[in-house]
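Beneath this line is the structure, given in structure tokens, with notes to follow.
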Amino acid sequence: GRSESSSDSAAGQGKVYYLNFKPEQKDQWEALAKEYTRQTGVKVNVVTAASGGYESTLKAEIAKSDPPTLFQVNGPVGLSTWKDYCYDLSDSEVYRQLKSEEFALEEDGQVLAVAYAIETYGLIYNKDILRRYCQLEGAVISDASQIQNFETLKAVAEDMQSRREELGIEGAFASSGMDSSSDWRFKTHLANIPLYYEYRDEGITSAAAVKGTYLENFRNIWDLYLNNSTVEPSLISSKTGDDAASEFALGEACFYQNGTWAYEQISGYEVADEDIGMLPIYIGVEGEEDQGLVTGSENYWCVNKKAAPQDIQATLDFLEWVITSDEGRQSLAQEMGFVTPFKTFGEEYTPDNPLVKAAEEYVQEGKTSIGWYFTTMPSDQWKNDLGAAMLEYAQGTGDWDKVKTAFVEGWASEYQARQ
Amino acid sequence: MASIRFDHVVKTYDNGVTVIPDLNLEIQDQEFVVLVGPSGCGKSTTLRMIAGLEEVSGGGLYIGEQKVNDLPPKNRNIAMVFQSYALYPHMSVYRNMAFALRLKKLPKEEIDRRVREVAAQLELEPYLKRKPRQLSGGQRQRVALGRAMVRDPQVFLLDEPLSNLDAKLRTEMRAQISTLHKRLSATFVYVTHDQTEAMTMGDRIVVMKDGRIQQVDTPQALYDRPKNRFVAGFIGSPQMNFWQTEVLRGPEGWRLRGAGLEFGVPGWQLEGYEGKNVTLGIRPEDIHAEEVMIKAHPDALVRGKVSLAERMGSEIYAYFASGSQKLIARAPARTGIRGGDEVVMALDLNKLHLFDADTGERIPRQG
Amino acid sequence: MASIRFDHVVKTYDNGVTVIPDLNLEIQDQEFVVLVGPSGCGKSTTLRMIAGLEEVSGGGLYIGEQKVNDLPPKNRNIAMVFQSYALYPHMSVYRNMAFALRLKKLPKEEIDRRVREVAAQLELEPYLKRKPRQLSGGQRQRVALGRAMVRDPQVFLLDEPLSNLDAKLRTEMRAQISTLHKRLSATFVYVTHDQTEAMTMGDRIVVMKDGRIQQVDTPQALYDRPKNRFVAGFIGSPQMNFWQTEVLRGPEGWRLRGAGLEFGVPGWQLEGYEGKNVTLGIRPEDIHAEEVMIKAHPDALVRGKVSLAERMGSEIYAYFASGSQKLIARAPARTGIRGGDEVVMALDLNKLHLFDADTGERIPRQG
Amino acid sequence: MKSRQASKRLKNGLFLVFFSVVSLAYLMPIGIVVINSFKRKAYINKYPFSLPTGRDFVGLENYRAGVEAIGFFEAFGWSLFITVGSVSLILLCTSMCAWYISRVKNRWTRAFYYLCVFSMVVPFQMVMYTLSKTADSLGLGNPLGITVVYLGFGAGLAVFLFAGFMRSVPLEIEEAAMIDGCSPPQTFFLIVLPILKPTMVSVGILETMWIWNDYLLPTLVLDQKKYKTIPMAIQYLKGGYGSIDWGLMMAMLVLAILPVILFYVACQKYIIKGVAAGAVKG
Amino acid sequence: MKKTLKRWFPLFGLPTLAAFTVGFLVPFVVGLALSFCRFTTVSDARFVGLANYKSILGDGDFLHALWFTALFTLVSVVLINLLAFAVALPLTKGLRGTNLFRTVFFMPNLIGGIVLGYIWQLIFNGVLAMFGRTLTYSPVYGFWGLVILMCWQQVGYMMIIYIAGLQSIPGELYEAARIDGANPRQILFRITLPLSMPAITICTFLTLTNSFKLFDQNLALTAGQPSNKTQMLALNIYDTFYSRAGWEGVGQAKAVVFFVLVAGLALIQLYITRRREVQQ
Ligand SMILES: Nc1ncnc2c1ncn2[C@@H]1O[C@H](COP(=O)(O)OP(=O)(O)OP(=O)(O)O)[C@@H](O)[C@H]1O
Ligand SMILES: Nc1ncnc2c1ncn2[C@@H]1O[C@H](COP(=O)(O)OP(=O)(O)OP(=O)(O)O)[C@@H](O)[C@H]1O
Ligand SMILES: [Mg+2]
Ligand SMILES: [Mg+2]
């Protein structure tokens, strides 16, 4: 318990070293750590790894004499690298407070990682543009709620694209930037959807090999993105996620595939907060009218098993405090803007992020959320190969067979290479 | 045609020091001119201007009929031996010497022939494969000389090319250079500090001081009739003896008095100097110690104690003082003079030089 | 105590050339020794070994009682004038000269006093602020000299320190160095190519050839009694005349015949040479052209046509051939010999040198 | 004389014009950084080449926000400390070492020389974790300790450069110094070092740049809980999902390169011509 | 001198040697050992023998990266050195504006490789967009894009070294050559170039290794796109480290192979150019 550790003598007192993954939340974590130290006297260090440098930082830091006591993995695949360092959290408060066991990663009966932030993605859209479209002569739909499947989405998008002058936009979809820093939106997030349906068909949650049953649908949605966008398909490799964000933010495109975290980036420009909405990504599967948004987590906390025992204890105490204290909850929900999977967070701790609200609405409507199965993708190599094939297909230097190969055969070989 | 003409040439270095204020000089085609003067008087500078290595700050420099102020060195067809050698450190001796010829694209055999010939003359054959840093000082200097000798230029500039060689080699080299001059029909400008070289090699000698020409003349004329006291003192070793004398008019003609001596100088016209001082100069070899010579020149005898007798092999330089006047005499070794000896010596009054005490200009002897 | 002793010293350079095969030499404390020899004979190498700049490849080198083979230069208390100057390019003349004193942490005023004093002696005062690259060759050399002169070492090494100076300055410098030697009570080793310097400055002269010592002696002894033909030819300028003669036994004693001459050499003991050749040597100044001298030495007269008469101011070097034998004579300028003249000259038979024709060793004169 | 001067002036003129044009083209990418540092971030990606006018111009806002966001001044302090410390240490130690190995030639020095060469060849990935581990176990994870790491890691290049240029210093000058009573350290500091000044300055510039801009090594070695350098701090402007706040980034870049430019300009005048001229004959 | 100096090793050699041991030797040797291990972090390595090396053999991307890198190195070494020397020459002649121009050419180095990569990506894509293409449309674009970027960045760097080299040539030698009748071209080839050999050695060596080890710029400019066709060795190694769990050892092994390659190349190059240098 907390009281114990804080009453310990200075020598025996543990300390916390949190290697934070998200640069965006660097300041909030530091403030929180300071607050905790002020309250309990336990030292909490927060170090934030630079974007793209988490793995290398973690690898270096964890081998040092004073390693992080708290770090994070991005899912089952990430866990497999670090499982030797993960403390069994079965008895911890953070695990006990989870709304569902689904949010923990377990192996051999041990709880090795606990998710702390739930995120959702889909097709962000500009309600204002869509509204204006609906009022146009001969619009395919009359209200946004009518988009419930791929056909409708396709019809709307193509019609918007052809009438973009009238609407004062540059494309239906924001550019599908395939720059290597932002191609994850497609090679992982978009690819998650066909993967989900395949898993659903098979009734599994991970696989040593995939069949690629829904790859045609994948192609359809990808074509839709490419052909009805603000830029030529041949130019997407020069576009970044930021480009897409600013296109959307400046009102130049109506649809933009991204998640709740994108709110920061798009708010405050041309699009008013109340005009930001999110649609499910439809790819033309039977019964997709019931499909909701894609919800899951890529952020799991792990406690370093190899840290000193008192440090482990201090870390567990700190985590407990974060999810139970007012300061912690306030910070996590409001300042960092996370939707958390903990029971301790009630209604009042919902972030004021229109995208989060949209996500909640879908849940309340009873739509089926899609899980984040891309965390089971066999390796980064697989993602990279898929991304490369998608890009080549887009710019016309490669055909769809390559995408298939990368998806299906790549999966098998990468899965094998992992062992 | 490779005559060289300096027409009011001025040279000022970057630091603002004018080392050559106004140089006028004409060197004939195929002439061999020797440049002498005290250290730092501007000899190398003059050479470097001819070569085109230093810009002329004012006036005109002509080679043949052409004004060359702006002509780059390589178009002047010049060979030069640098005072500081300036050997190419990355090339062997052979390649150093062959360099200019290779640039001219001479056939390989021709180059090889010339280089080996010159190397033999300079006794450099054993070192052809070495790099300059593996050579002794004299060997380096010979390479520098050889590099110029293989060429066939219209002007040949040599800046103290023999200073680091021994007497024997130097004598040989002197002969080589003279032969070269005859063969090449090029104009030679030669800087040296060596009296022997200056006296024997040049058609004419140019004596400089502080960037100004003091006298230009044949070696013997320079020796016999120096234009002023500076030239008289500069040429000849040991240096000429000087002292101040008063001009008196005696019954048989002009007389001079000074440093305890008084004698008549019948051959001179000293009108206008009466009662004034003139500088008298006499070369050490014109002060005789031998009995037979004393008899021949009895008019002016000096007496004194020898403070130092430098034995030079064939000769003795005797330093002694007659009254307050210090003198050097050059006597044959056979006189056996030693330090401490009391000596009587005779001045050869036919060999006197007189200079204006104020301007230092030579007073000519008349009749 | 700064005597210097070479005990079977060997020096082999990195490229495998042994330039000093076996050097044995003892230099007394406070002695002034002059090293002479042809270019490349190993003089600089010897100096550099004393200084500790070159490693001794074999044998022992002693300064005083101490074996210094492994002693670093700075502990040898040595001053050295480099043949190639080796000035510090980044320091002004003043700082170049003051450098060694500053290292010794002498007081500022003392340094200043010494530097200015030496600069004045070397006539370098106007250049104290300049960097070496802004100096003339002779000025650089004087800086190199000055850098050594300000110091107070136990051994003073000078490698051709005056080669780039004019005659007048050189005479002055010679005097300066001699004075310095007297004042410092240091051992001086002096390399030079200048006969005058060699003859006048040293207590003893060491003649080297190909890294071997030929003779060590006082200047006059060296001149009068050269140990072998090489030394005889090397010391003295112009060079001694040599020719081969046959030894005959005549009624009044030994006779020599060669090059169209035959004469008796009464003072010599040539037992064992009868019928064989010996090399005869006679210095140019011992061949006389003047009537009075010819009368004095009538025994061996040579006749010939003067091919070249070099006028040296006070003297004339007359090159002529007697039969097939080329000779040089040194005659006073007053003889007025010119090229083309037919001359008769007398050999001073008292001044003959004889050398073994095979070994080149001197044949001593007896009685 | 006139014609020579005229043609010289013409040549100089041509040179000036040509190089000015090339320079402008050369500076363009840096110009882009500067221009964009005054723009609001959403406009940077869309219109990277346009001048900041009207609605996208934010004045110095990016600078202000950036300085605050990344704790620029603290990072600047550490960067300065580490760079100055490391570069001084590198210049001092490696020039001494290079002199030693180029004057004392034996098996060991040659071996060390080649090791230095090797160290430049090794891909950083191969040593990065082992380096951070080694540094950590020796307690070098602080700004003072990292100078030692930099010395060790930068020694290769510096020794290599110095040893290369050491060859153009005439040996005789060093010998003269020994004769004048210099011990080896004195010879080195009073004679070799001043003659090598242009090389020193060059190496100094190169090393400064490397260390000032280095990101990976300090990230791995430094105790991130306490110390951050500018490149480390700037990384925080990159978001977790690959989005980069280019406005702040550009502004911070400008701030980060300014000191190095100033340093470089200040060093320029020490790169003077032909220092060893007039020193020796030959 | 050699003898005198020898004893001073503790002052002259030791500090660098010690730091070198800590900063390079030890990590290097441990790194070498790690290439025979399976590990997540340095402290939990497990010996696996040659398994890591075997994995390399089947890696087609690695081989392609090798060729791509070799070609890139060849082109950029030649171009960078030519350009750097060409820039350094006029900038040592004491003309007006010299200091300014030197600063300008040097400036690209002041910005780290990643950022430079992004900026150039913007520029290239801006230009290529006029033709409806992007940098990653084809490996050819990526290749030349990398070459241009590297030239732009490295020319200033090498220029500094060339300038230092040029300035250590005694001026008299130029004079002697001019007297010998050499025209500017001949002076360049026969005096300047041979005497700049130390600088040339250094620069070719540096460009060689820099090009071979190129990482930041590669990552930022193309990240290997399209389909790893513009992936260079360092990036390939880096990807190996992070793109599959448990492949750290393979990455390490690749690094070793890579090191052996570059070291071999560099040694050959050093041997060739060093022979042409002289001590003055
Ligand atoms: N570094 C070296 N490597 C190889 N040989 C050398 C080296 N330095 C000098 N030598 C050779 O050693 C011999 C002696 O050289 P040293 O410099 O001692 O001659 P020296 O008597 O001083 O000649 P000089 O009067 O020409 O200066 C010469 O033949 C020279 O070529
Ligand atoms: N680069 C320079 N900058 C300034 N002054 C210089 C430069 N070079 C030479 N001087 C000065 O110009 C004068 C003439 O130099 P020069 O080299 O022509 O003399 P010199 O007659 O050759 O002398 P020496 O016989 O000593 O070689 C000297 O006083 C010298 O100090
Ligand atoms: Mg001169
Ligand atoms: Mg010598």
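Chain naming here is simple, since letters A, B, ... match the order of the sequence lines and numbering starts at 1 in each.
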Below 4.5 Å, heavy-atom pairs only: which of [options] has the largest tally toward chain E?
| options | value |
| --- | --- |
| D:G156, D:G154, D:S20 | D:S20 |
| D:F15, D:Y114, D:Y150 | D:F15 |
| D:L216, D:L115, D:V33, D:I90 | D:L115 |
| D:F112, D:F160, D:F124 | D:F160 |
| D:F153, D:W210, D:W212, D:F118 | D:F118 |

Test item: [X] and [Y] side chains (from C-beta on) under 4.5 Å apart, heavy atoms:
| X | Y | answer |
| --- | --- | --- |
| E:F101 | D:V22 | no |
| E:F205 | D:L157 | no |
| D:Y129 | E:Q252 | no |
| E:L206 | D:M120 | yes |
| D:K133 | E:V30 | no |
| D:Y264 | E:R102 | yes |
| E:Y157 | D:M209 | yes |
| E:L100 | D:F19 | no |

So which heavy atom on [X] is nearest to which on [Y], and how close?
| X | Y | value |
| --- | --- | --- |
| D:G152 | E:F20 | O-CD1, 3.4 Å |
| D:S202 | E:I160 | CB-CG2, 3.5 Å |
| E:G23 | D:L131 | O-CD1, 3.3 Å |
| D:V121 | E:K213 | O-CD, 3.5 Å |
| D:T134 | E:P27 | OG1-CG, 3.9 Å |
| D:G164 | E:P198 | O-CB, 3.5 Å |

Give the member of [options] that has the highest number of heavy-atom pairs under 4.5 Å with chain D.
| options | value |
| --- | --- |
| E:L233, E:I123, E:T21 | E:I123 |
| E:A234, E:P15, E:P90 | E:P90 |
| E:L34, E:V104, E:T209, E:L25 | E:V104 |
| E:V26, E:L14, E:V22 | E:V22 |
| E:F24, E:F258, E:W152 | E:W152 |

On the 0 to 90° scale, with breaks at 30° and 60°, tag the E:F12-D:Y100 ring pair as parallel, tilted or perpendicular.
parallel

How are the rings of E:F105 and D:Y26 set to each other: parallel, tilted or perpendicular (split at 30° and 60°)?
perpendicular

Might you work through the side-chain contact (heavy atoms from CB on, under 4.5 Å) test for E:F106 and D:L206, ending with a clear yes or no?
CA-CA 10 Å; E:F106 184 73; D:L206 301 183; 4.2 Å; yes

Chain D heavy atoms under 4.5 Å from [X]: which part of the residue, side chain, backbone, both or neither?
| X | result |
| --- | --- |
| E:L32 | both |
| E:I161 | both |
| E:F212 | neither |
| E:V29 | neither |
| E:L17 | both |
| E:F28 | both |
| E:C151 | backbone |

From CA spacing to verdict: side-chain contact (heavy atoms from CB on, under 4.5 Å), D:V104, E:W8
CA-CA 10 Å; D:V104 179; E:W8 285 87; over 6 Å; no

Using non-hydrogen atoms only, which part of [X] is less than 4.5 Å away from chain E: side chain, backbone, both, or neither?
| X | result |
| --- | --- |
| D:L151 | both |
| D:P231 | neither |
| D:I101 | neither |
| D:L253 | side chain |
| D:F188 | side chain |
| D:V221 | neither |
| D:T109 | neither |

Quiz: residues 259-267 of chain E side-chain donor-acceptor pairs under 3.5 angstrom, not counting sequence neighbours:
none

Assess whether side-chain contact (heavy atoms from CB on, under 4.5 Å) is satisfied between E:T16 and D:M96, documenting all intermediate values.
CA-CA 9 Å; E:T16 309; D:M96 282 170 40; over 6 Å; no

